[in-house]
Every structure is written in C-alpha cells, then in structure tokens.
Amino acid sequence: MNLKKHSNCLSQAIPPIKSWLHGNKLNYLALAVSVFPIVSPQIHAATENNLNQTVQSAQSDKVTYQGVVIDENGNPLPGVNITYKNAHGVGVITDIDGKFTFAIPSNIHSLIFSYVGMKTQTVRVSNPSEKLKVRLEPDAVSLQETVITGIYTRKAESFTGSMATYSEKELKTVGNQNVLQSLKVLDPSFIILENNLAGSDPNATMNLNIGGNTNIVGLETEYSTNPNQPLFILDGFETTLSTITDLSMDRVASITILKDASSTAIYGSKAANGVVVVETKKPEAGRLKFNYNGNFGIE
C-alpha cells in the first residue's frame, strides 16, 4: 500500500471538513475509519488457483470402496459401523440393505467393521473396482457375562446375588481328579473337609460346604444326608453329591456356585447352604462326538 499517496488525499480532505464544521457551528466530528487490505487481481487469481490444486490433489489421493455386509444367515445388516485405523472419527454406516460406499485415503488398505452383537472384523482391501461382501459372525456371550442358575440364564450385571462361574478350561487347568476338587482350588468359599474316619475308602462321600457350616453339626444320621451340604443341580434337575463326584470333566461345560440366600427364591429352603449348578455340554447337530479315557500301568 502507498502510504504517501493516502496521506496526501487525507490532507486535501481536511480543509473542506473544517469549513463545513464552522458553518454548522460544530466543534468536532467523530469519524470511523476502517482499513482493508487491497489485493491485486493477480495475487487473488494465484491464491484461488493454488486452492483448487490442493482440493484436486486431496480428491485424487482417495479411493472409493463399495460393498455389502451380511450376517451368518446371509441377511443384510443395516447400521454397521465402518472405519479404518487412526481414522479420527471418519467412517460410514451401512444402509437398510446392508450396502455402503466409503471413500478412504489411497494409503489405507484395511477396513474395520463393527456391529452390536457381532465380532469386530478387519478386512483387507486393495481393488476399488471389486465390490466387497463382508460376513460378520455373532459374538457369543462369554460365561463371565452371564449367570446360569439352572432355571434361567441371566446377564451378570442384572444378577444381584453372590455367585462365581467357572468354565471347563478353568476346571481342567487346576486339576483332573473331579470337578469338586477343582472347585476347591478355584473358589475359597467352596470347602472340602478331610474325613479322617473314612481313611482310604474310595466310596466315602465328601464332607463339603459353601462358606462354612450353617446348621447344627452331627445330624447326618437323622436326615440321611449332611444338612450343611449345598444343593446340586445338574442340567436343571436336582441331583446327588455322588453323581457330581463321579461326573467326568470332559462332559462339563460350566459350573456356577450360588453362594448367598438369594438362591432360596429359586430353589426354596434347600438352597440355604448354597447351590452348585452344573451345565454339561450340549450335543451339536450333525456332529458325532466320541470320548475315551484310558489308564494303564506297568509293574
């Protein structure tokens, strides 16, 4: 900007202003002056050209992928979230027909698909002209997220009682004798008392309880069973201690211990000492399963 030229213009404008003020008997006049930068047409055109080149370069660095997301039965999944690593909030969702169109930078070679109740899946992409077909698998609810009471299965966050659930893998990790010995190691509240009177009798039943004795000791002969013994449920039906003791570990899917008095609302007064709920493995349709365990010794 030429400051000398603008200062000359201002000095030429001051005398007429003074004369007008004197004629109207005014002492001063407040002026608001705004200064705007003046850009030459050449600079403006160059700036606009650089901006257009930047936009075109950004658009040319992106590739567009199209496809459809389906479930395990082949049905389209609407509302599936699709993004990529370090996307910083960039992503799209599938429409009502499970279809999507996603423009991503050319240096991105994998897309992440996530949906409620389905396993998150990462898919490798390389050919934009090829339509993608992504099949999401259901995410099975783990044992730690549910409580199996023998009557119903409920989510852990909605179950208010004291309980503990152990899977087949956890039971086999700590021992291979029987499920009750494994529970003794895994859960400190599950107590198996040593029976010195039985000695080495293999048919002697275990003396066990959950959280200690809650009844009078020494009533086994009157009740034909230990009144401090917990209730045992096998696949939804009441069973005996000897049945659980002889149960093969290979048949067990999970064991849930209900420890407090909330279980009496389901099983009545029999559950006052706690409940041991055993769920066995369910047969799979179209699959033959055969288990064999053998032991041998050389003398």
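The chain is numbered in sequence order, starting from 1. On a predicted model such as this, the values are computed, not experimentally measured, just so you know.
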D187 and Y166: side chain donor to acceptor below 3.5 Å: yes

Ring-ring centroid check Y84 Y65, cutoff 6.0 Å: no

Non-hydrogen atoms of A103 and T64 that approach each other most closely: CB-OG1, 3.7 Å

Nearest-0.5 Å distance, CG of residue L132 to CD of residue Q66: 9.5 Å

Donor-acceptor contact below 3.5 Å, side chain R135 vs main chain E72: yes

Flag, side chain of T94 to backbone of V80, donor-acceptor distance under 3.5 Å: yes

Side chain proximity check, M118 to P138, heavy atoms < 4.5 angstrom: yes

K99 backbone acceptor or donor facing D97 side chain under 3.5 Å: no

Nearest heavy atoms of S110 and T122, plus distance in Å: CB-CG2, 4.0 Å

Side-chain touch I210/V276, heavy atoms, less than 4.5 angstrom: yes

Residue E137 excluded, over 12 heavy atoms near CD under 6.0 Å: no

In one Ile/Leu/Val/Met/Phe/Trp/Tyr side-chain cluster, 4.5 Å: V90, I112: no

Residue that, paired with I233, satisfies side chain to side chain contact (heavy atoms under 4.5 Å, CB included) out of I266, V275, L258: V275

Flag side-chain contact, heavy atom, 4.5 Å: I93 against Y115: no

Within 6.0 Å of NZ in K282, more than 12 heavy atoms from elsewhere: yes

Atom of F100, atom of V68 and distance for their closest heavy-atom approach: CE2-N, 3.6 Å

Expected output: side-chain N178 to main-chain L180 donor-acceptor under 3.5 Å: yes

Whether D235 side chain and T280 backbone form a donor-acceptor pair below 3.5 Å: yes

Residue that, paired with S242, satisfies side chain to side chain donor-acceptor pair (under 3.5 Å) out of T240, T239, D246: T240

Heavy-atom check, side chain of V278 versus side chain of F232, under 4.5 Å: no

Min side-chain heavy-atom separation I191-K184 under 4.5 Å: no

Taking every non-hydrogen atom, the tightest pair across S126 and P128: O-CD, 3.4 Å

Point-to-point distance, once rounded to the nearest 0.5 Å, from CD of E170 to CG of L186: 6.5 Å

pair M249-E168: side-chain heavy atoms closer than 4.5 Å: no

Approximate separation, where rounding is to 0.5 Å, of D61 CG and I104 CD1: 12.5 Å

Rounded distance [0.5 Å steps], CG in L183 versus CD1 in I192: 8.0 Å

Note, K133 side chain near I70 side chain (heavy atom, < 4.5 Å): yes

N/O donor-acceptor pair under 3.5 Å between K131 side chain and S129 backbone: no

Donor-acceptor contact present, side-chain T256 to main-chain T165, <3.5 Å: no

Separation between CD1 of I255 and CG of L171, rounded to the nearest 0.5 Å: 5.0 Å

Short N-O contact, K172 and D250, less than 4.0 angstrom: yes

Short side-chain to backbone donor-acceptor contact, T83 and G91, under 3.5 Å: no

I244 side, atom CD1; L234 side, atom CG - distance, nearest 0.5 Å: 5.0 Å

K281 side chain near V252 side chain, heavy-atom distance below 4.5 Å: no

